[in-house]
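Single-structure report; data block below.
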There are 2 protein chains.
Amino acid sequence: MPRESKRHKILEAAALIVHNRGIDALTLDAVAEEAQVSKGGLLYHFRSKEALVEGLVLHMNNIYRTNVENAVYEDINREGKWTRAFIKATYDQSLKNTETSAGMLAAQGINPDLLKPLQQTYANWQDNISNDGLDPVQATILRLAADGLWFSEIFGLAPLDEDLRKQVLDTLLKQTHQDKNNA
Amino acid sequence: MPRESKRHKILEAAALIVHNRGIDALTLDAVAEEAQVSKGGLLYHFRSKEALVEGLVLHMNNIYRTNVENAVYEDINREGKWTRAFIKATYDQSLKNTETSAGMLAAQGINPDLLKPLQQTYANWQDNISNDGLDPVQATILRLAADGLWFSEIFGLAPLDEDLRKQVLDTLLKQTHQDKNNA
DNA sequence: GAAACTATACCATCTGGACTGTTTATTTTC
DNA sequence: GAAAATAAACAGTCCAGATGGTATAGTTTC
């Protein structure tokens, strides 16, 4: 068991509980048990429940940002690269929603202020997407559709079956290659 | 004070608490106080906390469905009417999110199974939207964009300013008038 | 030898909800 | 149609158990 991995294990455990049983089941005891850590060990890493949730948000925020940024750098085309990167990263996130959305739900449940880092990230992305060489309104619609995909997975609101989901992804990406003029 | 209105007042109070303070603050005592009802009175209307949340979900589900159905019946055009109705209703909902999204968040927090009625409704809508006389993939994208709009308001993730929001709405509605062939 | 834990006991507070009234409206009885 | 019975709509208190967090004392890892 590598040293620093306990902290990470705790975050994963917390996310799992939120995903499976809802945030009401996110108690310190439950997290400690799930992570196979003593309560003392848990509180050593996170001094309070709020700190734990804060950690969750920060963790997912980091992953999410990294994914988007990587996708941006890998993109060959200049126009629409932020929009494409966001769509790809959000699409991936919507599938692995166990880890990711848990922080968001937990934060909303315990203290909505804890969402600020993620809100900051999103504000930044929306800014980039609006100035991505595409029609801003159309680019925003593509962004929102990606969010909607994630949303549908989180709450189980008519999540798309695999076929349709892939077609949607393809179409969204395709539309980031249209230029401003053919609305 | 009209008689039956207390029940409704309780639901509004619960929604307000979830929206302002997060679902962790949704306690029976807090709801009773906010609704200006005694705890006994609260438990008379809702026999348990779970029943209260169930009531919230059912309530929002009813409103949401009514809004969509009304919009469908008012629509003159046949093609795309479900998609348009969904977009309009969801757009409206995303603005008055106090009342509406609270049930969803609370259910997810306490017992995800309570979301089933709403999931059923959504499944039905997605079916109608996919067979709305439009290209199914494109119609689904429009639906998801509307969901994304709501999502962004619930979590404060780069919510759109009024101008952009209206432009997005217009564009989404406009795109429901394109027929299948010009992808 | 310090950081990273384990293990357990403990406590103040909160929470759901059971329980016992009390009032108000409605229906039934004579 | 007054009185009595019944039920609905609350009010207010109480309690067992859960929960977040503290404290302490020891152990393992680097």
Side-chain angles (χ1 to χ4, degrees), chain A residues 1-18 20-59 102-103 105-114, chain B residues 1-18 20-59 102-103 105-114:
Chain A
M1 269 165 267
R3 211 90 202 298
E4 179 56 21
S5 69
K6 282 271 167 100
R7 195 190 143 95
H8 191 250
K9 205 172 176 184
I10 290 170
L11 289 172
E12 279 180 338
L16 192 67
I17 289 171
V18 171
N20 288 344
R21 291 183 270 160
I23 84 143
D24 224 47
L26 187 76
T27 66
L28 295 180
D29 286 313
V31 174
E33 191 187 341
E34 180 72 41
Q36 297 174 75
V37 176
S38 69
K39 198 172 176 180
L42 167 58
L43 284 166
Y44 174 79
H45 285 289
F46 302 97
R47 294 205 305 233
S48 69
K49 188 175 180 179
E50 192 163 320
L52 171 62
V53 174
E54 188 186 9
L56 264 183
V57 174
L58 257 39
H59 184 57
L105 290 169
Q108 176 64 246
I110 284 168
N111 178 2
D113 283 350
L114 297 176
Chain B
M1 274 163 262
R3 212 93 202 298
E4 178 57 22
S5 69
K6 282 269 168 100
R7 194 189 145 95
H8 191 251
K9 205 171 176 184
I10 290 170
L11 289 173
E12 280 180 337
L16 192 68
I17 289 170
V18 172
N20 288 342
R21 291 183 268 159
I23 84 141
D24 224 47
L26 187 76
T27 66
L28 295 181
D29 286 315
V31 174
E33 190 187 342
E34 180 71 41
Q36 296 174 73
V37 176
S38 71
K39 201 169 179 181
L42 167 59
L43 284 167
Y44 172 78
H45 286 287
F46 301 97
R47 294 204 305 234
S48 69
K49 187 175 179 178
E50 191 163 322
L52 172 62
V53 173
E54 189 186 8
L56 264 182
V57 173
L58 258 38
H59 184 59
L105 290 169
Q108 176 63 245
I110 283 169
N111 179 2
D113 284 349
L114 297 175

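Quick note on labels: first sequence line is chain A, next is B, and so on, each numbered from 1. Worth saying up front: this structure is predicted, and the values here are computed from it rather than measured.
Look at CD on B:Glu54: it is 17 Å from P on C:dG16, rounded to the nearest Å. To the nearest angstrom, P of D:dC10 lies 12 Å from CZ of B:Arg7. Rounded to a whole Å, the CD atom of B:Glu33 is 13 Å from the P atom of D:dG12. Nucleotide D:dG20 holds its C1' atom 11 Å from the CD1 atom of A:Ile110, rounded to whole Å. In this structure, B:His8 atom NE2 and D:dA9 atom C1' are separated by 18 Å, rounded to whole Å. Computed from coordinates, the B:Lys6 NZ to C:dT24 P distance equals 12 Å when rounded to whole Å. For the pair A:Ile10 CD1 and C:dC5 C1', the computed distance is 10 Å after rounding to whole Å.
Note on A:Leu42: nothing from the nucleic acid sits closer than 4.0 angstrom, heavy atoms only.
Shown here for A:Ala14 and A:Leu56, the closest heavy-atom pair between the two residues is CB-CD1, 4.1 Å. The minimum heavy-atom distance linking A:Ile17 with A:Ala25 is given by the pair CG2-O, 3.5 Å.
B:Ala107 pairs by the side-chain contact (heavy atoms from CB on, under 4.5 Å) definition with B:Val53, B:Val57, B:Leu114, B:Leu115, not counting sequence neighbours. A search for side-chain contact (heavy atoms from CB on, under 4.5 Å) contacts involving A:Ala35 returns A:Ile10, A:Ala13, A:Val37, not counting sequence neighbours. With sequence neighbours left out, A:Asp113 forms a side-chain contact (heavy atoms from CB on, under 4.5 Å) with A:Asn111, A:Lys116.
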Could you list all N or O pairs between the protein and nucleotides 17-20 of chain C that sit under 3.5 Å apart?
unit_1	atom_1	unit_2	atom_2	d
C:dG17	OP2	B:Lys49	N	2.9
C:dG17	N7	B:Lys39	NZ	2.8
C:dG17	O6	B:Lys39	NZ	2.5

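Note on residues 32-55 of chain B: pairs passing salt bridge (charged side-chain N to carboxylate O under 4.0 Å, His left out), not counting sequence neighbours, are B:Asp29-B:Lys39.
Put simply, B:His45 has no side-chain N or O that comes within less than 4.0 Å of OP1 or OP2 on D:dA9. Contact annotation: B:Tyr44 reaches the phosphate of D:dA9 (side-chain N/O to OP1 or OP2, under 4.0 Å).
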